[in-house]
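So the structure is just underneath, and the comments pick up after that.
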Amino acid sequence: MEIAGKRIGFALTGSFCTYEKIFAEMEHLVALEAKVFPIFSYVPQEMECRFGNWKEFMKRATEISGNHPITTIAGAEPIGPKELLDLLVVAPCTGNTLAKLANAITDTPVTMAVKAHLRTEKPVVIFLSSNDSLGMNFKNVGLLYASKHIYFVPFGQDDAKKKPASLVAHPQLLIPTIEKALEGKQIQPVIRAYS
């Protein structure tokens, strides 16, 4: 489905090692003429790490999208009632956020954005990035995969020897997943080797 003109929420959580690739995909969406609206969970609003700091993350998202990020639960809540988005991406989606979504916990701007958006029965795309996806969080992957209006960017084990429970989505498949999700379809295959 055509992405141009679509209103896409882009919700970022705390898997900072993926941010460079995630921002590149945000730029790709803007180049395809999507209207992108960043949403930040609390952790990336206050964190400094070896991959950057919160000021840089917020500035970059604003510069790419042309929109100031949503940073509060109150700011995210109108997404549903006002039908502000055509699709919502959670990229990256940490294990913590995944667990909250699977158990209907709404205590961050990102989880509120997802809850509010699902009220409209429009698609949510999950870009998984978690070191415990095949561990304690595996049940949550299954719960969300079986949920209506939730679509996964294909994922694989990024380092099976050193991190055997880790799964990370393939960045280059984010746009194709969005296109399929806008048609109400899950891109296949979902599990793909990481190279």
Side-chain angles (χ1 to χ4, degrees), residues 3 5-30 32-47 49 51-130 140 144 147 149-153 169 171 174-175 177-178 181-182:
I3 287 179
K6 295 295 183 187
R7 300 163 301 160
I8 297 179
F10 207 109
L12 294 96
T13 68
S15 182
F16 303 111
C17 60
T18 62
Y19 270 37
E20 200 56 40
K21 293 175 182 176
I22 292 300
F23 281 128
E25 292 307 311
M26 189 184 288
E27 288 172 340
H28 191 179
L29 280 170
V30 171
L32 292 171
E33 299 181 10
K35 298 174 183 174
V36 175
F37 300 90
I39 304 158
F40 275 81
S41 197
Y42 290 130
V43 171
Q45 291 184 51
E46 59 192 28
M47 193 74 157
C49 65
F51 301 103
N53 66 63
W54 66 272
K55 289 178 185 174
E56 294 167 1
F57 301 147
M58 302 279 273
K59 181 180 178 192
R60 187 150 181 210
T62 303
E63 288 174 349
I64 292 169
S65 69
N67 293 302
H68 290 287
I70 294 171
T71 59
T72 64
I73 291 173
E77 192 276 334
I79 286 171
K82 294 185 178 180
E83 296 195 41
L84 299 178
L85 304 174
D86 297 303
L87 179 141
L88 175 60
V89 174
V90 183
C93 183
T94 62
N96 187 51
T97 298
L98 189 81
K100 289 178 179 187
L101 294 175
N103 291 283
I105 296 169
T106 309
D107 63 352
T108 72
V110 168
T111 55
M112 173 55 82
V114 173
K115 175 187 174 182
H117 182 67
L118 285 173
R119 288 175 56 181
T120 67
E121 298 190 334
K122 293 177 184 168
V124 172
V125 169
I126 303 290
F127 182 100
L128 190 59
S129 181
S130 171
N140 297 318
L144 288 174
S147 298
H149 313 298
I150 304 267
Y151 303 90
F152 277 82
V153 178
L174 177 60
I175 304 290
T177 303
I178 289 170
L182 285 166

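Start at 1 with the first residue, then count along the sequence.
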Discussion item. Can you confirm whether Glu27 sits close enough to Glu63 that some side-chain heavy atom of one is under 4.5 Å from a side-chain heavy atom of the other?
Written reply: no
Worksheet item: Can you name the nearest heavy-atom pair linking Val90 to Val110, along with the distance?
Response: CG1-CG1, 4.0 Å
Response to the item:
Looking only at heavy atoms, the pair that brings Phe152 and Thr177 closest together is O-CG2, 3.6 Å
Worksheet item: Under 4.5 Å between any side-chain heavy atoms of Cys93 and Leu98, yes or no?
Response: yes
Discussion item. What verdict does the side chain to side chain contact (heavy atoms under 4.5 Å, CB included) test give for Ile64 and Val36, after you've listed the backbone C-alpha separation in whole Å, the side-chain angles of each residue and the deciding distance to 0.1 Å?
Written reply: CA-CA 9 Å; Ile64 292 169; Val36 175; over 6 Å; no
Worksheet item: Would a line drawn from the ring center of Phe57 to the ring center of Tyr19 be shorter than 6.0 Å?
Response: yes
Worksheet item: Are Val153 and Leu128 close enough that some pair of their side-chain heavy atoms sits under 4.5 Å apart?
Response: no
Practice prompt. Report the distance from atom CD1 of Ile22 to atom OG1 of Thr13, rounding to the nearest 0.5 Å.
Written response: 9.0 Å
Discussion item. So, taking the atom named CD1 in Ile3 and the one named CD1 in Ile8, what distance separates them when rounded to the nearest 0.5 Å?
Written reply: 5.5 Å
Discussion item. Applying the side chain to side chain contact (heavy atoms under 4.5 Å, CB included) criterion to Leu85, which one of Thr120, Val124, Ile79 satisfies it?
Written reply: Ile79
Worksheet item: Closest heavy-atom contact between Pro123 and His117?
Response: O-NE2, 3.0 Å
Worksheet item: Excluding sequence neighbours, so at least two apart, what forms salt bridge (charged side-chain N to carboxylate O under 4.0 Å, His left out) with Lys115?
Response: none
Worksheet item: Which heavy-atom pair separates Glu77 from Arg119 by the least distance, and what is that distance?
Response: OE2-NH1, 3.9 Å
Fill in: Main-chain N/O of Thr62 paired with His68 side-chain donor or acceptor, under 3.5 Å
no
Discussion item. As an exercise, state the distance from OH of Tyr42 to OG1 of Thr108, rounded to the nearest 0.5 Å.
Written reply: 7.0 Å
Response to the item:
Smallest heavy-atom separation, Leu87 atom then Ala181 atom, equals CD1-CB, 3.9 Å
Worksheet item: Just by modelled atom types, is the Phe37 backbone N or O under 3.5 Å from a matching donor or acceptor in the Ser65 side chain?
Response: no
Practice prompt. Can you spot which of Val89, Leu174, Leu12 makes a side chain to side chain contact (heavy atoms under 4.5 Å, CB included) with Met26?
Written response: Leu12
Item to complete: Mark yes or no for whether Asn67, through its side chain, and Pro38, through its backbone, hold a donor-acceptor pair below 3.5 Å.
Response: no
Practice prompt. Would you name the heavy atoms of Ile73 and Thr106 that are closest together and state the gap between them?
Written response: CD1-O, 4.5 Å
Worksheet, complete the sentence: Rounding to 0.5 Å, atoms CZ (Phe10) and CD1 (Ile39) come to a distance of 10.5 Å
Item to complete: Please confirm whether the backbone N or O of Lys35 pairs with a side-chain atom of Arg7, one donor and one acceptor, at under 3.5 Å?
Response: no
Item to complete: Look only at the side chain of Thr97 and the backbone of Thr94, and say whether a donor-acceptor pair between them is shorter than 3.5 Å.
Response: no
Worksheet entry | Side chain to side chain, Leu101 and Thr111, heavy atoms closer than 4.5 Å | yes
Worksheet entry | Leu144 side chain reached by Asn140 side chain, heavy atoms, under 4.5 Å | no
Fill in: Within-4.5 Å side-chain heavy-atom neighbours: Val114 and Lys100
no
